[in-house]
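Written out below as structure tokens is the structure these notes cover.
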Amino acid sequence: MLDIQLLRTNLENVAQRLALRGHAFPVADFNLLEAERKTIQTRTQELQARRNIASKQIGNAKNKGEDVSAILVEVADLGDELKQVETHFEKIQAQLLQLLLGIPNLPHDSVPEGRNEADNREVRRWGAPRTFDFAAKDHVTIGENLGLLDFETAAKLSGARFSLLQGGLARLHRALAQFMLDIHTQEHGYTEAYVPYLVNAESLHGTGQLPKFEEDLFVVPHGEQGNYYLIPTAEVPLTNSVRDQIVALESLPIKLTAHTPCFRSEAGSYGKDTRGLIRQHQFDKVELVQIVHPQHSYAALEQLVGHAEKILQKLALPYRVMVLCAGDMGFSAAKTYDIEVWLPAQNTYREISSCSNCEAFQARRMQARFRNEKGKPELLHTLNGSGLAVGRTLVAILENCQNADGSVSIPEALQPYMGGLDRLAAPDKK
RNA sequence: GGAGAGAUGGCCGAGUGGUCGAAGGCGCUCCCCUGCUAAGGGAGUAUAGGCUCAAAAGGCUUAUCGAGGGUUCGAAUCCCUCUCUCUCCGCCA
């Protein structure tokens, strides 16, 4: 959510910056609503003040045993009018809030202009794509040939966009998550968290998934108490842990990590990445969240990207880092780096991590604050990033580490997590 | 699921219809005394917003005592609903 003060004082500028990311701010609607708000609020407060004064007079008069009927007559009509005006005021406030909740974050000055993926800029590359002396297969073929990846059964169990892993591949998947958590907690200073996978609507409002993107979420009805939502990312529970809180200055930065499944309905992505593990309704991810002092959020973003990169480096998987253009960024982000891993079968780099600084955008929605150097509450800055998407890392390993005989070499860093196993191979067929 | 207790400022805690944005304490900030610490004295110390002001300062003002609704001229206080926490019982991994 943007600062409404900013909209009041600097609307033109805000609209321009939002236009950079392809959002048309409804300037006329806003101005109209604001003007109405102003008159109604003033009127409401006038009436409230009058009521307060009269009530005080009644109290005083009664204490002295004086007759209060004159004042009561004066105040008689006040109640009705006040109620009417208050209701009106609340309605306008709600409309303003609705409007505000639907507006994406402002892009940071360092974010390149552009409309879509094609305008993202490469920041750096690490590692060189391997050259194959045989025809490199894609991860689906590799996994199915090994007998460890089974989409057919998954479809029977659940439907499209689900997967079933078995044996060494399932273990590799688990090993990856363990490995990532260990690196982030032991080398990068994150605190591991185990979080709810079902969250309430407030939490999703806090991080920005609601109210605008409900169709991307899986909803679980929960009787009269409303709905639960399956988390689309651990960013939601981790970041919302500071919702409605004022944290102490000394406790910053708060660095949290969690391994969770993520659930996305992928509405509107029909026909995209239908083959394989790239785009699933359920996938695992190790998430990194930092909650920091506003002065340090951009330094923290660079750090956070580095933490995610570190995983790929240790796995020896080639990647590149992209800075997203204004038009390609997510709703809550002020600046986003994507890390894209090399996938030989697709002969391209594919997103495996997305790291964003949301500045105070989420903090304002969540009322997440800290007590600053002057002792005053101030909004925090929040960051999040994948460190990394487990399923996609699995894909990258299958494809990058495949051998001519159909087996897959296990990156050295993971072997301790695999009981020393150094390759996945098909069982001998007899 | 059943029975009971509770939710007040950074924290503890008083407050059952008006003089309550809220006693008292702790903590914190500033000042004084002492000065090696300790002790002592004084002042200050919620949040969000509106209007005003060129801006800052200031001034005026509104809302907020878990959330929402109701009664009333007036609600932290009375009534209703909900949420959460705690204790006991039941059930369960």
Side-chain angles (χ1 to χ4, degrees), chain A residues 1-11 30-101 194 196-206 220-229 237 240-252 254 360-361 363-380:
Chain A
M1 189 160 69
L2 299 180
D3 185 0
I4 193 158
Q5 302 292 358
L6 193 65
L7 293 173
R8 285 181 184 138
T9 56
N10 222 338
L11 186 57
F30 179 79
N31 281 334
L32 213 67
L33 220 53
E34 251 300 280
E36 201 177 357
R37 188 222 97 226
K38 204 161 166 173
T39 48
I40 295 297
Q41 180 163 7
T42 309
R43 181 78 188 128
T44 306
Q45 295 190 352
E46 271 172 19
L47 291 172
Q48 285 170 332
R50 255 174 61 195
R51 180 202 58 196
N52 290 346
I53 291 165
S55 295
K56 224 157 240 180
Q57 284 174 346
I58 292 170
N60 287 335
K62 274 198 169 170
N63 275 345
K64 292 178 198 154
E66 293 169 6
D67 178 42
V68 295
S69 54
I71 313 175
L72 284 178
V73 169
E74 192 194 316
V75 157
D77 301 330
L78 216 149
D80 288 340
E81 189 183 356
L82 184 57
K83 190 151 287 179
Q84 220 174 12
V85 177
E86 274 176 344
T87 309
H88 189 178
F89 179 53
E90 278 164 24
K91 213 175 95 192
I92 289 168
Q93 289 283 72
Q95 282 175 17
L96 265 172
L97 182 66
Q98 250 356 78
L99 192 148
L100 229 52
L101 284 175
Y194 171 80
Y197 301 159
L198 292 164
V199 295
N200 56 32
E202 288 73 36
S203 293
L204 289 154
H205 272 100
V220 181
H222 184 56
E224 291 170 13
Q225 282 143 55
N227 292 328
Y228 281 133
Y229 296 83
N240 273 281
S241 63
V242 292
R243 173 153 55 86
D244 294 322
Q245 284 218 316
I246 302 175
V247 303
L249 185 62
E250 307 82 65
S251 63
L252 301 178
I254 297 170
F361 187 84
R364 189 170 292 110
R365 291 169 161 247
M366 293 192 298
Q367 281 305 296
R369 295 172 292 175
F370 69 106
R371 214 163 270 286
N372 67 19
E373 291 78 357
K374 289 177 183 163
K376 289 287 163 199
E378 185 180 334
L379 292 172
L380 289 156

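Order of the sequence lines sets the chain letters (A, B, ...), proteins ahead of strands, with each chain counted from 1. The model shown is predicted, which means the values in this text are computed figures rather than measured ones.
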Worksheet entry | Given RNA chain B, 5'-ward residue of the pair A:Asn60 and A:Lys83, judged by closest heavy atom | A:Asn60
Discussion item. Assuming nearest nucleotide by heavy-atom distance, tell me which of A:Glu34 and A:Pro377 is located more 5' along RNA chain B.
Written reply: A:Pro377
Give me the distance, rounded to whole Å, that separates [N] from [M] when you measure between the [atom1] atoms they each carry.
N     : M     : atom1 : answer
B:U71 : B:C60 : P     : 33 Å
B:A67 : B:A75 : P     : 15 Å
B:G15 : B:C20 : P     : 16 Å
B:G13 : B:U81 : C1'   : 28 Å
B:A76 : B:G21 : C1'   : 10 Å
B:U45 : B:A23 : P     : 11 Å
B:G25 : B:A46 : P     : 16 Å
B:U52 : B:A57 : C1'   : 13 Å

Discussion item. Do A:Glu202 and A:His205 have side chains that approach each other closer than 4.5 Å (heavy atoms only, starting at C-beta)?
Written reply: no
With a 3.5 angstrom cut-off on both distances, give the Watson-Crick or G-U wobble partner of [N], or none if there isn't one.
N     : result
B:C92 : none
B:G68 : B:C80
B:G44 : B:C28
B:G58 : B:U52
B:G17 : none
B:U37 : none
B:U85 : B:A5

Whole angstrom value for the distance that separates [atom2] of [N] from [atom1] of [X]:
X        : N     : atom1 : atom2 : answer
A:Glu202 : B:C82 : CD    : P     : 17 Å
A:Asn200 : B:G66 : CG    : C1'   : 15 Å
A:Glu250 : B:C28 : CD    : P     : 12 Å
A:Arg371 : B:C11 : CZ    : C1'   : 11 Å
A:Ile71  : B:U72 : CD1   : P     : 19 Å
A:Phe89  : B:U62 : CZ    : P     : 14 Å
A:Leu82  : B:U61 : CG    : P     : 17 Å
A:Glu373 : B:C28 : CD    : P     : 19 Å

Practice prompt. Using only heavy-atom distances, determine whether the side chains of A:Ser55 and A:Asn52 contain a donor-acceptor pair under 3.5 Å.
Written response: no
Worksheet item: Does the pair A:Glu86/A:Lys83 count as a salt bridge with the N-to-O cut at 4.0 Å?
Response: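 Between A:Lys83 and A:Glu86 there is no salt bridge, as every charged N stays at least 4.0 Å from the carboxylate O atoms.
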Item to complete: Check every atom of B:U47, B:C73, B:U19 against the side chain of A:Lys56 and return the nucleotide holding the closest atom.
Response: B:U19
Fill in: Nearest listed nucleotide, side chain of A:Asn52, among B:U71, B:U62, B:G10
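Looking only at heavy atoms from C-beta outward on A:Asn52, the closest nucleotide is B:U62.
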Discussion item. Any residue in residues 37-49 of chain A with a heavy atom nearer than 4.0 angstrom to RNA chain B? Just list them by number, or reply none.
Written reply: A:Arg37, A:Lys38, A:Gln41, A:Gln45, A:Gln48, A:Ala49
State, to 0.1 Å, how close [X] and [Y] come at their nearest heavy-atom pair, and which atoms those are.
X        : Y        : value
A:Val242 : A:Ile254 : CG1-CD1, 4.0 Å
A:Ile246 : A:Phe370 : CG2-C, 4.0 Å
A:Met1   : A:Arg364 : O-NH1, 2.7 Å

Can a donor-acceptor pair be found, under 3.5 Å and without considering hydrogens, that links the side chain of [X] to the backbone of [Y]?
X        : Y        : result
A:Thr44  : A:Ile40  : yes
A:Asn240 : A:Ser203 : yes
A:Thr42  : A:Lys38  : yes

Discussion item. Considering every strand and a 4.0 Å limit on heavy-atom distances, what is the contact class for A:Glu90: base, sugar-phosphate, or nothing?
Written reply: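 If one applies the 4.0 Å heavy-atom cut-off, A:Glu90 turns out to touch nothing in the nucleic acid.
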Worksheet item: Under 4.0 angstrom, heavy atoms only, what part of the nucleic acid is A:Arg369 near: base, sugar-phosphate, or nothing?
Response: sugar-phosphate
Fill in: Whether over 12 other heavy atoms sit under 6.0 Å from A:Gln84 CD
no
Item to complete: Indicate whether OP1 or OP2 belonging to B:A63 is found under 4.0 Å from a side-chain N or O atom of A:Arg51.
Response: yes
Worksheet item: Does a nitrogen or oxygen in the side chain of A:Lys376 sit under 4.0 Å from OP1 or OP2 of B:A46?
Response: no
